[in-house]
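In what follows, every heavy atom counts, from backbone to side chain, and hydrogens, waters and symmetry copies are set aside.
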Amino acid sequence: MPLPLAPPSSTPLSNQHFNTSISSNDHPSYMRLALSYAHESRPLPTNFRVGALLVDSASNRILTSGYTLELPGNTHAEQCCLSKYAAEHNIPEERVGEVLPERAVIYTTVEPCVKRLSGNRSCVERIVETRSKGGGIRKVYVGVKEPETFVGDNQGRKILEDAGVEVVLVGGLEEEILRVATAGHVATS
Ligand code: HJL
Ligand code: ZN
């Protein structure tokens, strides 16, 4: 019997791996779960509220979840996923590719960033780095392209694809993803 989904606030995922009742090819449901994590993020005018999941697509297990500013400091959702998984394996985030399962994928409500106004390392760089030893993240499921608010036209998709990471747009939740992502932004008109 499938286990129930773990809702973000009542069941923190920090150190547990869990199965869900989502079937492995049900990408919209995984994206909806990622979106539920985006809701956990504090609204701010200076970034987007994003939710992400690191999933082992071979075993259909969620390895970690993440959302913007979940970890201390100015942290992004995808970064939190990788960082938490690395911490669970007692390895620095830069080496997380060494402990990821062969078919690891990321679901993220907003396209991974290439450039950050803060100058911090981008999520695209972190994802590509996981592939340095041949394994690593092989696919990224994206809910929306990054809006041009902060850094203009984000080339995340192209750079990931050039590095051999497949990028799949999962449509259907764009409106809600953008509403959540921009909740702390100041209206311009
Ligand atoms: C993604 C996130 C997040 C963004 N994008 N994919 N996941 N916050 O968790 C992208 C946006 C940057 C701004 C500001 N946001 O966040 O371009 O301060 O948030 O480094 O460029 O940069 P900082
Ligand atoms: Zn990022």
### Query
Passes side chain to side chain contact (heavy atoms under 4.5 Å, CB included), R126 versus H76? Steps please.
CA-CA 11 Å; R126 292 166 201 269; H76 280 191; over 6 Å; no

### Closest non-hydrogen atom pair, S65 against L53
CB-CD2, 3.8 Å

### Message
Check whether D56 reaches the backbone of L63 with its side chain - one donor and one acceptor, N or O, closer than 3.5 Å.
### Response
no

### Message
Could you work out, with salt bridge (Lys or Arg N to Asp or Glu O under 4.0 Å) as the rule, every residue matching E98, not counting sequence neighbours?
### Response
R95, K133

### Under the salt bridge (Lys or Arg N to Asp or Glu O under 4.0 Å) test, residues paired with R131 that sit two or more places apart
none

### Task
Identify the two heavy atoms, one from N154 and one from C113, that lie closest to each other, and give their separation to 0.1 Å.
ND2-CA, 3.9 Å

### Query
Among all residues two or more places apart in sequence or in another chain, which pass the salt bridge (Lys or Arg N to Asp or Glu O under 4.0 Å) test with E125?
R121

### Message
Assess the residue pair V167 and V142 against the criterion (side chain to side chain contact (heavy atoms under 4.5 Å, CB included)); give the C-alpha distance rounded to whole Å, side-chain angles, the decisive distance to 0.1 Å, and a yes or no.
### Response
CA-CA 7 Å; V167 178; V142 169; 3.9 Å; yes

### Task
For S41 and V50, indicate whether the former's side chain and the latter's backbone hold a donor-acceptor pair under 3.5 Å.
no

## Note on the structure
To the nearest 0.5 Å, atom CD1 of I127 lies from atom CD1 of I106 at 4.5 Å

### Task
Mark yes or no for whether Y30, through its side chain, and I62, through its backbone, hold a donor-acceptor pair below 3.5 Å.
no

### Query
For C80 and G66, which heavy atoms make the closest approach, and how far apart are they?
CB-CA, 4.0 Å

### Task
Could you note down all residue pairs passing ring pair (Phe, Tyr, Trp, His ring centres under 6.0 Å) where residues 129-184 supplies at least one of them, sequence neighbours left out?
H27-Y141, F48-F150, Y107-Y141, F150-H185

### Message
Applying ring pair (Phe, Tyr, Trp, His ring centres under 6.0 Å) as the test, list every pair that has at least one member in residues 108-137; sequence neighbours left out.
### Response
none

### Task
Answer yes or no: is there a donor N or O on one side and an acceptor on the other, between the side chain of R49 and the main chain of E40, under 3.5 Å?
no

### Query
Within the side chain of K145, is there an N or O that forms a donor-acceptor pair under 3.5 Å with the backbone of E111?
no

#### Entry: Rounded distance [0.5 Å steps], CD in E129 versus CD in E94
6.0 Å

### Task
Return the set of residues passing salt bridge (Lys or Arg N to Asp or Glu O under 4.0 Å) with K115 (not counting sequence neighbours), or none when no residue passes.
none

### Query
Got a sec, which residues hit side chain to side chain contact (heavy atoms under 4.5 Å, CB included) with V144, two or more places apart in sequence or on another chain?
V110, E174, I177, L178

### Task
Identify, with sequence neighbours excluded, every residue that meets side chain to side chain contact (heavy atoms under 4.5 Å, CB included) alongside P28.
D26, V170

### Query
Between atom OG1 of T68 and atom CD of Q79, what is the distance when rounded to the nearest 0.5 Å?
9.5 Å

### Query
Got a donor-acceptor contact below 3.5 angstrom from the T108 side chain to the A52 backbone?
no

### Query
Under 4.5 Å between any side-chain heavy atoms of N47 and N74, yes or no?
yes

### Message
Which residues pass the side chain to side chain contact (heavy atoms under 4.5 Å, CB included) test with S24, not counting sequence neighbours?
### Response
N60

### Message
Suppose clustering is done on Ile, Leu, Val, Met, Phe, Trp and Tyr with side-chain heavy atoms closer than 4.5 Å. Which residues sit in the same group as L71?
### Response
none

#### Entry: Minimal non-hydrogen separation, C81 against L54, with atom names
SG-N, 3.9 Å

### L82 vs E78, side chain to side chain contact (heavy atoms under 4.5 Å, CB included): CA-CA, chis, key distance, verdict
CA-CA 6 Å; L82 294 173; E78 306 92 315; 5.6 Å; no

### Query
When clusters are formed from ILVMFWY side-chain contacts under 4.5 Å, directly or step by step, what else is grouped with L44?
L69

### Query
Where do T109 and M31 come nearest, in terms of heavy atoms and distance?
CA-SD, 3.9 Å

### Message
I'd like to know if the side chain of T130 reaches the main chain of I137, judged simply by a donor and an acceptor atom lying under 3.5 Å from each other, with no hydrogens or angles considered.
### Response
yes

### Message
So which atom in P112 and which in V124 form the shortest heavy-atom distance, rounded to 0.1 Å?
### Response
O-CG2, 3.7 Å

### Task
Not counting sequence neighbours, which residues clear side chain to side chain contact (heavy atoms under 4.5 Å, CB included) with A163? List them please.
V128

### Message
Just to verify, which of L33, V105, I22 counts as forming a side-chain contact (heavy atoms from CB on, under 4.5 Å) with V55?
### Response
V105

